[in-house]
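I have placed the structure first, in the form of structure tokens, so that the comments after it can refer back to it.
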There are 2 protein chains.
Amino acid sequence: MGATKADVFTAEQVKLAQLAKALAHPARVAIVQMLARRGNACVCGDIVDELPLAQSTVSQHLKELKEAGLVAGEISGVQTCYCLSAEGVRFARLALGELLAEPALKPACC
Amino acid sequence: MGATKADVFTAEQVKLAQLAKALAHPARVAIVQMLARRGNACVCGDIVDELPLAQSTVSQHLKELKEAGLVAGEISGVQTCYCLSAEGVRFARLALGELLAEPALKPACC
DNA sequence: GAGAATTATCGTAATATTGCGATTGAAATG
DNA sequence: CATTTCAATCGCAATATTACGATAATTCTC
């Protein structure tokens, strides 16, 4: 099964996994980097041009990033404008940072 | 295709995606949390007991974490001892932290 | 309103992931 | 050496993901 016994895990664990999954594809990492680089120059379908993927594929990746709360999309006329969600990105950074926090690294045995 | 045009993306992007993917499952998040909590008390098959998953499934998750470099395993006699890889965890924290860095959050448009 | 441009969605195919039981392999124990 | 124990691996089945082309849906321009 590709299923995931999500109900058995903590809400926090599920949320962390969702955030990580949103970044678990090179194309989505590339999109986040691109949006960060462009700042408020708010990219749109340019994303498609910069990626070696079909338009429909890029659209799907954007949808996933949006659903994870990392990216915000705003329709303005014919085209849609995407940019990073400050809130979402910050939450992700803090949450993942905590998961991988330094204090976690006690003496270490093996 | 479930394939991924990995060759078209930056090595950095692929690496980041791999790290994220390793954390993209609640069970694996749970394992990392558990190992962090236990410190150098280096857990073993106890992980299986704490998770609502079969032994073979847990073993696979551990393998993925190990392949991502987040976890180290050491066989000692009949049982295997797992703990967080200080190096791997630190690298992941820095890499993901950079991807989601604050400076990335310029004015923001939408 | 007709047509062009841009993006979202649908349908489909290929591949990956998740999960489990069963088996195997290795080491400790009798 | 037989047995037990622990963990890795194999072989499946179910589901998810990735990707694309084709098709909508929307808006702008003429």
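Below, read A as the first sequence line, B as the second, and so on, with proteins coming before strands; counting in each chain starts at 1.
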Most 5' of A/Val78 and A/Ala24 on DNA chain D, judged by nearest nucleotide: A/Ala24
Whether A/His25 and A/His61 hold their rings parallel, tilted or perpendicular, with breakpoints at 30° and 60°: tilted
Whole-Å gap separating P (D/dG21) and CG (A/Leu53): 11 Å
Interatomic distance, A/Ile75 CD1 vs C/dA5 C1' [rounded to whole Å]: 15 Å
Residue pair A/Glu50, A/Arg38: steps toward the salt bridge (charged side-chain N to carboxylate O under 4.0 Å, His left out) verdict: CA-CA 12 Å; A/Glu50 290 223 24; A/Arg38 297 224 181 183; 2.6 Å; yes
Given C/dG21, C/dT7, D/dG21, the nucleotide with the shortest approach to the side chain of A/Ala54: D/dG21
Rounded distance (Å) that lies between atom C1' of C/dT7 and atom CD of A/Gln60: 13 Å
For atom CD of B/Gln79 and atom P of C/dA28, their distance in whole Å: 10 Å
Rounded distance in Å - CG (A/Asp46) to C1' (C/dA5): 14 Å
Any B/Lys21 side-chain nitrogen or oxygen under 4.0 Å from OP1 or OP2 of C/dT17: yes
Phosphate OP1/OP2 of C/dA8 contacted by A/Tyr82 side-chain N/O (<4.0 Å): yes
hbond_proxy B/Gln55 side chain to D/dA8 base (donor-acceptor, 3.5 Å cutoff): yes
Between P of D/dA7 and CG of B/Asp49, the distance in whole Å: 9 Å
Flag if over 12 foreign heavy atoms under 6.0 Å of CG, A/Leu94: yes
Rounded distance in Å - NE2 (B/His25) to P (D/dT15): 14 Å
Within-4.5 Å side-chain heavy-atom neighbours: A/Tyr82 and A/Ile31: no
Side chains of A/Lys21 and A/Glu64 in contact at under 4.5 Å (non-hydrogen atoms): no
Any A/Ser59 side-chain N or O less than 4.0 Å from OP1/OP2 of C/dA8: yes
Nearest-Å distance for atom pair CZ/C1', residues B/Phe9 and D/dA19: 11 Å
Short side-chain N/O contact from B/His61 to OP1 or OP2 of C/dT17, under 4.0 Å: no
Nucleotide nearest B/Ser56 when distance is taken to its side chain, options D/dT17, C/dA8, D/dT9: D/dT9
Nearest listed nucleotide, side chain of A/Thr57, among C/dG19, C/dA8, D/dC20: D/dC20
